[in-house]
Asks: 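First the structure, which I've put down as structure tokens, then a few questions once you've had a look.
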Amino acid sequence: QVQLVESGGGSVQAAGSLRLSCAVFGHSVCSDDMSWHRQAPGKEREFISDINYAGRKNYADSVKGRFTISRDNAKNTLYLQMNSLKPEDSAMYYCRSRSCGAWGQGTQVVVSS
């Protein structure tokens with residue numbers, strides 16, 4: 001059993017930065033394979049980035065060079081550093097535990113022009 005709690009969302013101007021956090025409550029194995037996704041109104045949920053148990057990372061083309069995924073195992077927390085934000089990045093952001101098949105409730109990000 002696992003619970004994921006996102007935080008760090010908010011409103012920011014274009015070119016600004018935000019750092020999202022996802023705290024994982026449960027067995028440590030649930031934070032081994034994690035990912036970030038986002039969903040804007042009227043659009044399907046899309047993959048952003050993931051990190052596996054060995055630390056290997058993947059990024060969607062839309063965020064490469066701007067976003068960085070990381071993990072603090074001691075805190076059981078996943079992070080998404082978001083730099084050079086664009087209005088098109090506005091969405092609800094969700095974290096996911098691939099290891100335990102769970103989703104967080106999401107955190108809202110709004111980037112204004």
Side-chain angles (χ1 to χ4, degrees):
Q1 191 173 19
V2 63
Q3 182 181 15
L4 308 179
V5 181
E6 299 100 332
S7 62
S11 298
V12 64
Q13 294 183 337
S17 298
L18 286 173
R19 189 181 73 161
L20 306 183
S21 299
C22 175
V24 182
F25 301 92
H27 295 291
S28 60
V29 68
C30 294
S31 61
D32 284 350
D33 297 330
M34 301 287 295
S35 61
W36 285 100
H37 306 251
R38 68 187 182 189
Q39 186 170 19
K43 297 183 178 180
E44 295 186 347
R45 189 169 299 183
E46 65 174 336
F47 166 83
I48 299 172
S49 181
D50 63 7
I51 182 170
N52 72 0
Y53 62 93
R56 178 168 292 181
K57 305 172 183 179
N58 295 295
Y59 297 95
D61 289 340
S62 60
V63 305
K64 285 182 179 178
R66 299 188 298 121
F67 292 9
T68 303
I69 191 171
S70 63
R71 178 176 58 222
D72 187 333
N73 290 329
K75 297 181 179 180
N76 296 121
T77 301
L78 179 74
Y79 300 99
L80 184 68
Q81 180 65 47
M82 308 165 65
N83 297 327
S84 302
L85 284 164
K86 306 174 181 179
E88 64 193 60
D89 295 318
S90 297
M92 185 73 75
Y93 284 71
Y94 301 90
C95 65
R96 176 192 176 194
S97 170
R98 295 178 59 86
S99 303
C100 295
W103 291 86
Q105 295 301 307
T107 184
Q108 186 74 53
V109 172
V110 178
V111 184
S112 60
S113 301

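Atoms considered below: every heavy atom in the structure, side chains included; atoms not considered: hydrogens, waters and symmetry mates. In this text, all values refer to a predicted model and were calculated from it rather than measured experimentally.
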Asks: Verify whether one side chain among T77 and D72 offers a donor that lies under 3.5 Å from an acceptor in the other.
Replies: no

Asks: Please name all residues satisfying side chain to side chain contact (heavy atoms under 4.5 Å, CB included) with S7, sequence neighbours left out, ordered by chain then number.
Replies: S21

Asks: Hydrophobic cluster mates of Y53, side-chain heavy atoms under 4.5 angstrom, ILVMFWY only, any path?
Replies: none

Asks: I need the minimum non-hydrogen distance between S35 and R98, along with the two atoms involved.
Replies: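 Taking S35 first and R98 second, the nearest heavy atoms are OG-CG, 4.3 Å.
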
Asks: In the hydrophobic clustering that connects Ile, Leu, Val, Met, Phe, Trp and Tyr at side-chain heavy-atom distances below 4.5 Å, which members other than L18 occupy its cluster, ordered by chain and number?
Replies: V2, L4, V12, L20, V24, M34, W36, I48, I51, Y59, V63, F67, I69, L78, L80, M82, L85, Y93, V109, V111

Asks: For K43, enumerate each residue passing the salt bridge (charged side-chain N to carboxylate O under 4.0 Å, His left out) test, keeping only those at least two apart in sequence or located in another chain.
Replies: none

Asks: In chain order, what residues pass the salt bridge (charged side-chain N to carboxylate O under 4.0 Å, His left out) check against D33, with sequence neighbours excluded?
Replies: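 Expected list: none.
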
Asks: Working to the nearest 0.5 angstrom, can you tell me the gap between R96 CZ and C22 SG?
Replies: 12.5 Å

Asks: Mind checking whether M92 and Y94 have side chains closer than 4.5 Å, heavy atoms only?
Replies: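 Yes, close enough: below the 4.5 Å cut-off.
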
Asks: For residues S84 and S17, report the shortest heavy-atom separation together with the two atoms involved.
Replies: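 Distance-wise, the nearest heavy atoms are N-OG, 4.3 Å.
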
Asks: Using a 4.5 Å cut-off on heavy atoms from C-beta on, say whether the side chain of Q81 contacts that of S70.
Replies: no

Asks: Which pairs with one or both residues in residues 43-82 pass disulfide (SG to SG under 2.5 Å), sequence neighbours excluded?
Replies: none

Asks: List in chain and number order the residues that pass side chain to side chain contact (heavy atoms under 4.5 Å, CB included) with E46, two or more places apart in sequence or in another chain; answer none if no residue qualifies.
Replies: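 For E46 the side chain to side chain contact (heavy atoms under 4.5 Å, CB included) partners, ignoring immediate neighbours, are R38.
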
Asks: Considering residues, nucleotides and ligands other than K57, do more than 12 of their heavy atoms fall under 6.0 Å from its NZ?
Replies: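 Enclosed: over 12 neighbouring heavy atoms sit under 6.0 Å from NZ of K57.
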
Asks: By salt bridge (charged side-chain N to carboxylate O under 4.0 Å, His left out), which residues pair with R66, not counting sequence neighbours?
Replies: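 With neighbours one apart ignored, the set is D89.
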
Asks: Who are the ring-ring contact (aromatic ring centres under 6.0 Å, His included) partners of F47, not counting sequence neighbours?
Replies: H37

Asks: Which pairs with one or both residues in residues 28-75 pass disulfide (SG to SG under 2.5 Å), sequence neighbours excluded?
Replies: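 Every pair satisfying disulfide (SG to SG under 2.5 Å) with a residue in residues 28-75: C30-C100.
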
Asks: Could you list all the disulfide (SG to SG under 2.5 Å) pairs where at least one residue sits in residues 40-94, not counting sequence neighbours?
Replies: none

Asks: Passes side-chain contact (heavy atoms from CB on, under 4.5 Å), W103 versus E6? Steps please.
Replies: CA-CA 10 Å; W103 291 86; E6 299 100 332; over 6 Å; no

Asks: Can you check whether V29's main-chain N or O pairs, donor with acceptor, with S99's side chain at less than 3.5 Å?
Replies: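 Yes, S99 side chain to V29 backbone: donor-acceptor pair under 3.5 Å.
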
Asks: Between the side chains of N58 and R56, is a donor N or O closer than 3.5 angstrom to an acceptor N or O?
Replies: no

Asks: Not counting sequence neighbours, list each pair that qualifies as a disulfide (SG to SG under 2.5 Å) and has a residue in residues 44-87.
Replies: none

